[in-house]
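Report on one structure; see the data block that follows.
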Amino acid sequence: MNTKALERQLKLKSGVSVKGKIKFFSREKGFGFVVADNGTEHFLGVREVVGADLPNNGDLVEFESRNGKKGPYAAKLKIIKSSENSERRDDRVVCPSCQKKVFPKLIHDRGAFGDPKPRKSLCPLCGATVKDFSGCFIATSVYGDFDAPEVLFYRHYRDNVLKTNFLGRVLIKLYYQVSPSIVVLLEKSPRISHMVKKQLDKAVRKESF
Ligand SMILES: [Zn+2]
């Protein structure tokens with residue numbers, strides 16, 4: 001075997017670095033396809049994406065072109081340039097387990113009054129728990145502590161005041177549907193978080209005196 005053939009063999013094994021464009025990528029399913037500049041379509045599994053960001057359709061990327069049993073696949077894929085139309089809001093969170101940015105799946109329990117109570121959120125890619133919810137989402141998120149007096153107050157308010165009347169039960173229902181997304185927002189915006197905290201402080205003072 002001459003050196004050129006040997007080089008070629010080594011290259012095939014380690015993969016050749018190429019550029020391409022994301023044709024389609026499903027966050028829910030965790031795979032997609034990327035077309036290399038030479039037109040070859042490659043399978044792309046989520047595990048081959050380097051970094052926290054998952055690709056969007058149309059992103060320009062760089063990856064190792066490898067040959068698997070089922071044809072070409074992309075390995076060690078890096079996003080070079082996000083597609084122009086990716087102005088979508090990024091309210092994903094980083095999974096503590098696989099480090100990917102994901103939209104966590106909420107797991108609900110039935111509360112005492114039949115209201116759906118989110119128990120925890122799971123990473124759709126690796127199944128790890130992203131967040132464990134207990135107590136009040138908003139108050140906990142703003143105060144950053146499950147046992148802060150204000151959080152205890154809100155928990156008490158929820159269980160003893162709100163649950164005893166019809167309007168309160170409706171409020172709780174709304175609250176559980178809305179607050180997980182609010183919490184994500186709060187965690188991203190310390191300024192808004194501060195504003196909410198001020199309002200909660202006011203309410204606590206009003207109720208306790
Ligand atoms: Zn994960």
Side-chain angles (χ1 to χ4, degrees), residues 14-15 17-35 41-66 68-83 85-111 116-146 151 175-190 192-193:
S14 64
S17 183
V18 294
K19 287 184 178 161
K21 203 176 193 178
I22 300 291
K23 182 182 179 183
F24 154 82
F25 187 82
S26 164
R27 287 160 198 276
E28 290 73 37
K29 298 201 164 74
F31 71 84
F33 296 94
V34 51
V35 179
E41 194 171 279
H42 292 67
F43 175 83
L44 170 62
V46 68
R47 280 171 203 282
E48 295 295 348
V49 178
V50 177
D53 285 312
L54 289 175
N56 291 306
N57 299 352
D59 283 359
L60 296 179
V61 295
E62 192 170 5
F63 59 94
E64 276 186 18
S65 170
R66 291 188 188 168
K69 278 176 192 154
K70 291 173 185 168
Y73 72 94
K76 298 180 184 169
L77 179 128
K78 287 179 200 138
I79 299 164
I80 305 172
K81 192 171 180 292
S82 295
S83 66
N85 61 3
S86 62
E87 273 181 24
R88 56 194 86 86
R89 276 163 55 242
D90 189 356
D91 49 10
R92 294 168 295 161
V93 295
V94 176
C95 167
S97 177
C98 69
Q99 310 296 327
K100 299 287 179 204
K101 279 189 183 174
V102 294
F103 293 106
K105 251 197 293 191
L106 280 178
I107 305 298
H108 294 275
D109 279 341
R110 286 268 152 215
K117 275 168 91 165
R119 178 159 47 96
K120 56 181 179 176
S121 64
L122 299 179
C123 170
L125 301 177
C126 73
T129 300
V130 175
K131 214 156 216 171
D132 213 319
F133 303 115
S134 334
C136 299
F137 298 129
I138 295 178
T140 308
S141 169
V142 169
Y143 288 100
D145 181 359
F146 270 94
V151 176
Y175 176 70
Y176 276 126
Q177 269 164 18
V178 171
S179 48
S181 49
I182 291 181
V183 169
V184 172
L185 181 79
L186 288 177
E187 282 175 350
K188 292 207 148 188
S189 346
I192 299 178
S193 181

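Note that the coordinates shown come from a computational prediction; the quantities given were computed from them, not determined experimentally. Just follow the structure's listing: the first ligand is 1, and inside any ligand the first atom is 1.
- Checked against salt bridge (charged side-chain N to carboxylate O under 4.0 Å, His left out), E62 has no partners two or more places apart in sequence or in another chain.
- Among residues two or more places apart in sequence or in another chain, the side chain to side chain contact (heavy atoms under 4.5 Å, CB included) test is passed with V130 by V93, P96, P104, S121, C123.
- Evaluation of the side chain to side chain contact (heavy atoms under 4.5 Å, CB included) rule for T129 yields K120, L122 as partners, not counting sequence neighbours.
- A donor-acceptor pair is defined here as one N or O able to donate and one able to accept, closer than 3.5 Å; no such pair exists between the side chain of D59 and the backbone of I79.
- Ring centroid separation for the pair F33 and H42 does not come in under the 6.0 Å cut-off.
- Shown here are the protein N/O/S atoms lying under 2.8 Å from the Zn ion (ligand 1), water excluded: C95 SG, C98 SG, C123 SG, C126 SG.
- Taking the ring centroids of F25 and F31, they lie at or beyond the 6.0 Å cut-off.
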